[in-house]
Undergrad: 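Just dropping this structure here.
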Amino acid sequence: MNLFSGLSTILLLAITAHASANTCENNFLAEGDPRNGAEFSTNTTIAELNSASALGQLRAIALADGFTVLGEEATAAEGTLTIEQKNGHHPFLIYLTAKNNNTAADVSIRTKLNRRTVAKPEDIRAGMCGMIARIKPGAAGEKIAAAARAAIVPEGIEEIQPRWLAQDIYLLSKRKTAEMITAHYKGKRYLLDGTIGEPLETDGTVELWYKVTIDSNGILQTKAADQSAFWPPIVCRMADEHHARALKLQSGEYAKLTGTVSHYQPGIPSKLVLKDCRFE
C-alpha cells in the first residue's frame, strides 16, 4: 500500500465515524412524560460492519463505561444486547440493537427511564451517540468484538430448590419491574428438584408448575413460610421430546429438571417461566 492509499483509508474511516455520529444525533428522539418514564432512542447505519461485530464492540464499550451487561440475544443477521445503567437507587435498562443491512449494519439504542427520573435529553444523546461513534468498521472492529466475546465467562447450571428461586424473585419484585427481572434472569440455567402440580397441556405446550408454598404446619414455620403464599410459581415448559413423560406425572409427585429462564410474567399469579426443560 502506498502512502496516498494509506492516507485515503484512514481518511475514509474517519469520515465514516464522523458521519455515523452526525446521523445518530439527527435521529435522536426524546419522547414521553417523565412522570411516566421518559423514553429516548436513536439509530444510524455504519458501513463495512455486521451485527455480530457491532454487538461485540458495544459489549466492550459498555463494560469500559461501567455498565452492567445483562444478556445478549442474537442470530446471524441481528441481535440485541441488554445493559443496565446504575443511576443511584433507580437503575434502568438500555437496549443496544444491530441488524445486518447488506455490507453495513443498522445500529440503534433505546431506553426508558424510571418514573419521575429526570435527565437532560442532550446528556442522553451525547451518551448514546458517544457509544455509537466508538464502533469501528472493518477488521479493526472485528478484532475488538472477538476480544470482548473471548472474555465472556460462560455461566454454568445452578442447582436450587424451586421455592428458594421463587423467594429470590419475590424479593426482587419489590424493587424492580417485571422487565428488569426478565433482563436479569433471562438465559440463566437451573437444575430444579421438587414437587409439581397437575401437568398442564395447552396448544401443544406442556408445563410443569413447581409447588413453592411452604407448609405452615411444618418445621419450616418462619416468616418465609408466611410469605411463601405470595411467591411466584416456577413454571417449566417442557422440551418436545419430554412431553410424554411429563404428562404421566400427577400432582404432588417429584420432577428433577434442567431449564433456561425465558421470562418473568407478572399477573395473578406472577410466574417465572423456564423453557426447553428436560428431565435429569
Side-chain angles (χ1 to χ4, degrees), residues 49-88 91-100 105 107-111 127-128 130-132 134-136 138-162 164-173 175-193 234 236-237 239 256-264 272-280:
L49 184 73
N50 60 57
S51 62
S53 176
L55 292 174
Q57 292 185 67
L58 285 169
R59 174 183 289 272
I61 292 167
L63 290 172
D65 288 352
F67 292 92
T68 300
V69 175
L70 297 179
E72 179 180 335
E73 286 190 296
T75 65
E78 61 184 300
T80 297
L81 182 71
T82 304
I83 64 176
E84 184 178 58
Q85 165 71 332
K86 294 184 177 180
N87 180 24
F92 56 92
L93 300 175
I94 303 171
Y95 298 96
L96 315 173
T97 299
K99 183 176 181 179
N100 290 344
V107 179
S108 63
I109 303 179
R110 63 180 175 86
T111 189
M128 288 182 170
M131 296 182 78
I132 287 177
R134 288 148 68 187
I135 299 174
K136 299 182 183 298
E142 294 279 2
K143 184 177 180 180
I144 295 170
R149 296 194 186 285
I152 298 174
V153 178
E155 288 192 55
I157 298 177
E158 181 180 348
E159 184 172 357
I160 187 172
Q161 288 189 32
W164 304 134
L165 177 57
Q167 182 188 43
D168 290 344
I169 299 297
Y170 170 77
L171 294 174
L172 194 61
S173 70
R175 62 183 190 277
K176 291 186 181 291
T177 64
E179 183 182 18
M180 295 188 75
I181 293 174
T182 292
H184 275 267
Y185 278 84
K186 191 170 187 175
K188 291 184 179 294
R189 300 169 64 205
Y190 289 100
L191 171 60
L192 305 169
D193 191 6
I234 306 301
C236 271
R237 290 182 176 167
K256 188 174 185 179
L257 305 170
T258 57
T260 303
V261 175
S262 171
H263 62 280
Y264 172 74
L272 183 72
V273 179
L274 284 74
K275 63 181 180 180
D276 197 33
C277 293
R278 301 167 183 272
F279 287 99
E280 285 293 304

Undergrad: Could Glu158 and Lys188 be called an ion pair, given the rule that one side-chain N must be under 4.0 Å from one carboxylate O?
TA: no

Undergrad: Within a strict 4.5 Å, meaning less than it, do heavy atoms of the Met180 and Leu93 side chains meet?
TA: yes

Undergrad: Which atom pair, heavy atoms only, marks the closest approach of Ile160 to Leu165?
TA: CD1-N, 3.7 Å

Undergrad: Would you please name every residue forming a ring-ring contact (aromatic ring centres under 6.0 Å, His included) with Tyr95, sequence neighbours left out?
TA: none

Undergrad: For residues Ile135 and Ile61, determine if any side-chain heavy atom of one lies less than 4.5 Å from a side-chain heavy atom of the other.
TA: yes

Undergrad: Compare all side-chain heavy atoms of Lys99 with those of Ser108 and state whether any distance is below 4.5 angstrom.
TA: no

Undergrad: Side-chain contact test, heavy atoms from C-beta onward, threshold under 4.5 Å: evaluate it for Leu257 versus Phe279 and give yes or no.
TA: yes

Undergrad: Grab the two heavy atoms, one from Ala105 and one from Ser51, that are nearest each other, plus how far apart they are.
TA: CB-N, 4.2 Å

Undergrad: Under 3.5 Å, side chain of Gln57 to main-chain N/O of Ile144, donor-acceptor pair present?
TA: no

Undergrad: Work out which heavy atom in Tyr185 is nearest to a heavy atom in Val261; give both atom names and the distance.
TA: O-CB, 3.2 Å

Undergrad: For residues Ile109 and Met128, report the shortest heavy-atom separation together with the two atoms involved.
TA: CD1-O, 3.6 Å

Undergrad: With side chains defined as the heavy atoms from C-beta onward, is the minimum distance between His184 and Glu84 less than 4.5 Å?
TA: yes

Undergrad: Sequence neighbours excluded and cut-off under 3.5 Å, please list the side-chain donor-acceptor pairs for residues 63-73, or say none.
TA:
unit_1, atom_1, unit_2, atom_2, d
Asp65, OD1, Arg134, NH1, 3.4
Asp65, OD1, Arg134, NH2, 3.1
Asp65, OD2, Arg134, NH1, 2.9
Glu72, OE1, Arg59, NH2, 3.2
Glu72, OE1, Arg149, NH1, 3.2
Glu72, OE2, Arg149, NH1, 3.2
Glu72, OE2, Arg149, NH2, 3.3
Glu73, OE1, Lys186, NZ, 2.9
Glu73, OE2, Lys186, NZ, 3.2

Undergrad: Quick check: closest heavy atoms across Pro162 and Ile234, and the distance to 0.1 Å?
TA: O-CG1, 3.5 Å

Undergrad: Check whether Thr260 reaches the backbone of Arg189 with its side chain - one donor and one acceptor, N or O, closer than 3.5 Å.
TA: no

Undergrad: When rounded to the nearest 0.5 angstrom, what distance separates CG in Leu81 from CG in Leu58?
TA: 7.0 Å

Undergrad: Lys275: which residues meet the salt bridge (charged side-chain N to carboxylate O under 4.0 Å, His left out) condition with it, sequence neighbours left out?
TA: none

Undergrad: Test Asn100 against Glu78 for side-chain contact (heavy atoms from CB on, under 4.5 Å), laying out the working first.
TA: CA-CA 6 Å; Asn100 290 344; Glu78 61 184 300; over 6 Å; no

Undergrad: Among Glu159, Lys256, Glu280, Gln161, which residue meets the side chain to side chain contact (heavy atoms under 4.5 Å, CB included) test with Asp193?
TA: Lys256

Undergrad: Quick check: closest heavy atoms across Leu96 and Leu55, and the distance to 0.1 Å?
TA: O-CD2, 3.6 Å

